[in-house]
There are 2 protein chains.
Amino acid sequence: MRIGEVARRSGVSVRALRYYEEQGLLTPGRSPGGHREYAEDAVDRVRIFQQFYAAGLPSRRIAELLPCIDTDTTTDHQWAMLNAEHARISQQIDQLTTALARLTELIEAAADRRA
Amino acid sequence: MRIGEVARRSGVSVRALRYYEEQGLLTPGRSPGGHREYAEDAVDRVRIFQQFYAAGLPSRRIAELLPCIDTDTTTDHQWAMLNAEHARISQQIDQLTTALARLTELIEAAADRRA
DNA sequence: CTTGATTCTGACGTCGGCGGTAGGTTCTAG
DNA sequence: CTAGAACCTACCGCCGACGTCAGAATCAAG
């Protein structure tokens, strides 16, 4: 599969795919002429990247996670990082929930005035 | 209250406070010599800003929200924005929850191997 | 009045995830 | 064989929330 199709099927830009490779997240093969050749599971991997990006993980962290996903190994460093990110995201959800509640208050107050 | 104390009590940097003013979020008075003079409620306001920043609202949005907080008025534009941000944050929480679940899977798998 | 801590105003630097452009090459359909 | 679509590398640009100087002015204490 070439880069354009991966982009369409995964919903990201061609530029983003090249960026992911630059960051060590994808390592597609190459055609004789130098064009990137992606395996089938590339699309799923990209979707996973998007999820992690949305959760605030930088490329470097995602790259560090890859061995845990691909091979079934986990170093001490990775173990610590997994737990740290878990805690960070949990906390982030709490903060968002608080902010959401505050927004809801504003919305309800405004709704009363509009009624 | 001067800027240093506001910074200490609210937990943000002096630079951040000046930045907030630049963005129209705070409008402290000035001493005869030009130093900023903050009212008591500035600390609370800054904490609110931090919450909204943590929720992904840019300064411009927060500035647009201020009239809803300070005075009890809401324009159509503000009403739409309030609801849009509410939806965005809800969606963001969903995404974080999904990512968190995926991380939890990785952690449990790793925990088994470590056991 | 002096000193040292605090504050002031610019203005440039940073980081991350791409967007966009330029100029050239490769692939594929007819 | 040729055209045009898709691809390549390399590089600069952008945004937002500050960090980080530099150099000058102000403030509170003794």
Side-chain angles (χ1 to χ4, degrees), chain A residues 1-39 42 45-66 81 85 88-89 92 95-96 99, chain B residues 1-39 42-43 45-66 81 85 88-89 92 95 99:
Chain A
M1 206 178 358
R2 294 192 310 181
I3 198 170
E5 191 178 347
V6 179
R8 272 193 306 280
R9 303 215 313 209
S10 61
V12 307
S13 69
V14 166
R15 180 69 179 83
L17 292 175
R18 292 203 264 255
Y19 175 74
Y20 297 161
E21 183 177 355
E22 208 177 296
Q23 301 302 308
L25 303 183
L26 287 175
T27 43
R30 295 289 179 141
S31 77
H35 288 192
R36 292 170 177 82
E37 273 298 331
Y38 293 87
R45 284 175 72 92
V46 169
R47 294 212 177 102
I48 295 179
F49 297 159
Q50 290 295 102
Q51 280 189 6
F52 283 139
Y53 276 129
L57 280 89
S59 301
R60 176 164 299 182
R61 295 285 164 206
I62 300 180
E64 288 173 347
L65 282 182
L66 287 185
M81 202 253 293
E85 288 299 336
R88 195 187 56 73
I89 296 176
Q92 176 87 5
Q95 289 184 28
L96 285 174
Chain B
M1 207 178 359
R2 294 192 311 182
I3 198 169
E5 192 178 348
V6 178
R8 272 191 306 278
R9 302 213 316 205
S10 60
V12 306
S13 69
V14 166
R15 179 65 178 89
L17 292 174
R18 291 202 265 253
Y19 175 74
Y20 298 161
E21 183 177 357
E22 207 175 295
Q23 301 303 308
L25 303 183
L26 286 175
T27 43
R30 296 288 179 142
S31 77
H35 287 192
R36 291 170 178 81
E37 272 297 332
Y38 293 86
V43 175
R45 285 175 71 92
V46 169
R47 294 212 177 101
I48 295 180
F49 297 160
Q50 289 296 100
Q51 279 189 6
F52 283 140
Y53 277 129
L57 279 90
S59 301
R60 176 164 300 182
R61 296 286 164 206
I62 300 179
E64 287 172 349
L65 282 181
L66 286 185
M81 202 254 294
E85 289 298 337
R88 196 187 56 74
I89 295 176
Q92 177 86 6
Q95 288 183 27

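The figures that follow rest on heavy atoms only: side chains count, while hydrogens, waters and symmetry mates do not.
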Here the distance between atom C1' of dC12(C) and atom OH of Y19(B), to the nearest Å, is 16 Å
Take the protein atom CZ of R61(B) and the nucleotide atom P of dA17(D), then report the distance between them rounded to whole Å. 12 Å
Could you give the CZ-to-P distance, from R36(A) to dC8(D), as a whole number of Å? 5 Å
What's the closest nucleotide to the side chain of R18(A) if the choices are dA17(D), dT9(D), dT6(C)? dT9(D)
E5(B)/R2(B) ion pair, N-O < 4.0 Å: no
Can you check the R30(A) CZ to dA6(D) P distance for me, whole Å? 19 Å
Looking at E21(A) and R18(A), is there a salt bridge between them, counting it only when a charged N and a carboxylate O are closer than 4.0 Å? no
Look at S59(A) and dG16(C) and indicate whether a side-chain polar atom (N or O) is within less than 4.0 Å of OP1 or OP2. no
Expressed in angstrom and rounded to an integer, what is the separation of E22(B) atom CD from dG16(D) atom P? 13 Å
State, with a plain yes or no, whether a side-chain heavy atom of I3(B) is found less than 4.5 Å away from one of H35(B). no
Of all the choices, dC18(D), dC27(C), dC18(C), which nucleotide is nearest to the side chain of S13(B) once you look at every atom? dC18(D)
Categorize L25(B) for me: base, sugar-phosphate, or nothing, with a 4.0 angstrom heavy-atom threshold over every strand shown. nothing
Considering just the side-chain nitrogens and oxygens of S31(B), establish if one lies under 4.0 Å of OP1 or OP2 belonging to dC27(D). yes
What is the distance, rounded to the nearest whole Å, between atom CD1 of I3(B) and atom P of dC27(D)? 15 Å
Q23(B) CD to dA17(D) C1': how many Å, rounded? 8 Å
On DNA chain C, check which nucleotide each of G33(A) and V14(B) is closest to and give me the residue with the more 5' one. V14(B)
Return the 5'-most residue of the pair R2(B), L17(B) with respect to DNA chain D, ranking by each residue's nearest nucleotide. L17(B)
Under 4.0 Å between a Lys/Arg side-chain N and an Asp/Glu carboxylate O for R88(A) and E85(A)? yes
Looking at Y20(B), does any N or O in its side chain come under 4.0 Å of the phosphate oxygens OP1/OP2 on dA17(D)? no
Pairing donors with acceptors under 3.5 angstrom, does anything connect the side chains of S59(B) and Y53(B)? yes
Side-chain-base donor-acceptor pair under 3.5 Å for R15(A) and dG20(C): yes
Position toward the 5' end of DNA chain D (nearest nucleotide), P32(B) or G4(A): G4(A)
From the list dC18(D), dG17(C), dT28(C), which nucleotide is the closest neighbour of the side chain of Y53(A)? dG17(C)
Separation of dG16(C) P from R60(A) CZ (nearest whole Å): 7 Å
